[in-house]
Structure formats: structure tokens, C-alpha cells
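Some notes on the structure that comes next.
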Amino acid sequence: MKTFPPAFVKHTITKLKEIAKIMKKLSCLLVAGLLVFGVSEAQDVKGPKAKNYKPWKEQAKKGTIVVYADEPAVKGPSYKNKKAWEAEAVKVNITSPTESRQQVTGPKAKNRKVWKKE
């Protein structure tokens, strides 16, 4: 078995530690840059328009929910040996209008009984 001189080993270890520090700094800078870019791109509206934006006055969008209706639950060893890629699931689209109720304010809102339908 070949042995290296202690000075060489010490020098190599210090170089590797320096490289590790540099890689940590670069990865932190990359993550910070991506976060800054993501935040800046997420805001379409800027300035006073963004400050005074009232989302509750926007027309609500209709949403579609995609649900995979799975086969009945299998129990026991057959469930353990079941292959996920062989499952036969049916894709079902559920559409529901997202309508908002009238906003109740004042004494009516204070005395509103949540459990009663209006």
C-alpha cells in the first residue's frame, strides 16, 4: 500500500476544504439569484397600480379540478405486490363555478349564524 507524505495530505485536505467553501458560496448565490428573479417576475403590475389593486373586484375565474378515480382498495399481500404503474385509474374532470356570496356587513354580519343557510 502506497502512503503519501503528511505535508501532501494536509495540503490536499486544505485545498478540498477551500473548494467546498467556494461551492457553498456559489450555490447560495445561485439560490438567492433565482429567488430574486422569481419574485421580480411574479409581479406583473408595478407602482401605484399594484399598491391600489383590489383583487376582490376582479371577476372570479372558473376552475377545473382533475381527479383520478382509483379502483377499489385492495388489502393484504395483493396490495403489497401491486404495481403502481399497472393501476387502472379513470380521469374525471370536475368543474365548479367559483361564485362569491354577497358580503354581509354591519350588525347582520355580527349576529350571523354560520350553521344556518341563508
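Starting from 1, each residue takes its place in the sequence as its number.
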His11 side, atom NE2; Leu16 side, atom CG - distance, nearest 0.5 Å: 9.5 Å

Are Phe8 and Ile13 in one and the same hydrophobic cluster, where Ile, Leu, Val, Met, Phe, Trp and Tyr link if side-chain heavy atoms are under 4.5 Å apart? yes

Is there a path from Met23 to Leu30 through hydrophobic residues (I, L, V, M, F, W, Y) whose side chains come within less than 4.5 Å of each other? no

